[in-house]
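Take a look at the structure set out below.
For ligands, and for the atoms within them, numbers begin at 1 and follow the listed sequence.
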Amino acid sequence: MAKNKLGVIVGSNRRESINRRLAQALVQLGADRFEAKFLRIDDLPMYNQDNEQPVPAPVARFKGEIEASDALLFVTPEHSRSVPALLKNAIDWAARPYGKNSWRDKPAAVIGASAGVISTAVAQAHLRAVLGSGIGMHVMGGEAYIQFKPDMIDAQSKVTDESVRKFLKAYVDQFAAFAGRLAPQRAAAAA
Ligand SMILES: Cc1cc2nc3c(=O)[nH]c(=O)nc-3n(C[C@H](O)[C@H](O)[C@H](O)COP(=O)(O)O)c2cc1C
């Protein structure tokens with residue numbers, strides 16, 4: 001059976017982003033379940049409703065990538081106890097113009113890393129609300145707050161801590177099963 005196409009969205013544009021490292025590790029752990037593609041968001045302009053008709057070229061590309069994905073994985077830092085502006089900007093663009101929401105009915109999973117003890121929990125709560133009731137995605141339940149340690153993921157994107165590795169593998173497998181369960185419903189709705 002063909003693997004689900006997974007769009008991976010990292011809510012950081014930092015060169016040494018720990019969330020990008022986490023996303024790369026998740027992609028490796030899920031390679032048997034997903035065909036993953038990282039969707040770029042750091043080249044999208046700042047959202048402006050005046051520029052929706054037509055949307056700028058990078059936004060059109062991003063919307064097309066979302067629409068071609070069977071499921072979307074959001075790996076994000078927390079900024080000031082909420083969703084980073086970079087990520088919220090991307091979410092708003094792809095939900096527009098009115099009636100052309102690219103996110104609708106797609107399965108989504110949310111995870112994030114921070115050095116802090118409560119590690120992105122508040123940002124994730126905000127993001128779940130936006131993705132679910134805000135733009136109509138099906139958001140997987142559960143919690144995945146990763147307190148990042150410098151040696152947790154090696155240069156080959158392998159998770160070195162066995163308990164963290166097991167947790168993350170179970171998380172990607174759960175998401176693959178969740179996206180798989182939704183696939184027939186989504187196909188019926190699209191027919
Ligand atoms: C503007 C800003 C706000 C931040 N606010 C939070 C926060 O609310 N909670 C938190 O755990 N870390 C916060 N941090 C620290 C980030 O967790 C840290 O910079 C982390 O490395 C960001 O992830 P990244 O490496 O993937 O960009 C903040 C960092 C920045 C730059």
Side-chain angles (χ1 to χ4, degrees), residues 6-31 34 36-48 58-59 61-62 65-66 69 71-95 103 106-135 137 139-172 174-175:
L6 180 69
V8 182
I9 298 176
V10 178
S12 172
N13 51 4
R14 200 167 77 85
R15 267 191 304 278
E16 303 298 324
S17 166
I18 58 175
N19 284 279
R20 182 163 292 275
R21 288 179 63 195
L22 174 60
Q24 285 160 340
L26 285 163
V27 163
Q28 200 169 102
L29 288 169
F34 289 110
K37 176 175 178 169
F38 281 80
L39 309 192
R40 188 171 180 192
I41 60 172
D42 66 351
D43 63 342
L44 306 180
M46 180 58 70
Y47 175 77
N48 183 337
V59 175
R61 180 211 68 227
F62 181 55
E65 289 171 336
I66 293 165
S69 301
L72 282 310
L73 173 65
F74 294 83
V75 188
T76 188
E78 178 170 280
H79 279 182
S80 308
R81 295 280 178 250
S82 191
V83 180
L86 175 84
L87 178 56
K88 185 61 167 54
N89 185 54
I91 290 170
D92 288 344
W93 266 126
W103 306 106
K106 300 271 180 184
V110 173
I111 190 168
S114 155
V117 178
I118 64 164
S119 184
T120 71
V122 184
Q124 289 193 39
H126 291 185
L127 182 56
R128 284 167 181 281
V130 172
L131 301 182
S133 51
I135 56 173
M137 300 187 85
V139 187
M140 186 173 79
E143 298 183 313
Y145 311 134
I146 308 303
Q147 187 179 16
F148 199 86
K149 306 272 167 52
D151 56 357
M152 183 183 276
I153 296 170
D154 71 15
Q156 284 72 45
S157 303
K158 288 206 164 34
V159 183
T160 54
D161 181 309
E162 185 54 16
S163 66
V164 177
R165 195 195 67 76
K166 274 194 183 148
F167 175 84
L168 294 177
K169 178 62 179 152
Y171 173 87
V172 284
Q174 186 194 348
F175 188 37

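- Sorted by chain and number, the residues within 4.0 Å of ligand 1 by heavy atom are S12, R14, S17, I18, N19, P77, E78, H79, S80, R81, S114.
- Ring orientation note: the planes of F62 and W103 are nearly perpendicular, at an angle over 60° on the 30°/60° scale.
- In terms of heavy-atom proximity, P45 sits nearest to W93 at O-NE1, 2.8 Å.
- Look at D42 and R40 and you find a salt bridge, because one of the NZ, NE, NH1 or NH2 atoms lies within 4.0 Å of a carboxylate O, short of that distance.
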Can you give each donor-acceptor pair under 3.5 Å made by side-chain atoms of residues 79-86, sequence neighbours left out, with the distance rounded to 0.1 Å?
residue, atom, partner, partner atom, Å
R81, NH1, E78, OE2, 2.4
S82, OG, H126, ND1, 2.8

In residues 111-123, what donor-acceptor pairs under 3.5 Å come from side-chain atoms, sequence neighbours left out?
residue, atom, partner, partner atom, Å
S114, OG, G116, N, 2.9
S119, OG, S114, N, 3.4
S119, OG, I146, N, 3.4
S119, OG, I146, O, 2.5
T120, OG1, G112, O, 3.4
T120, OG1, Q124, NE2, 2.9

With a cut-off of 3.5 Å and sequence neighbours excluded, list every side-chain donor-acceptor pair involving residues 21-31.
residue, atom, partner, partner atom, Å
R21, NH2, I153, O, 2.4
Q28, NE2, Q156, O, 2.8

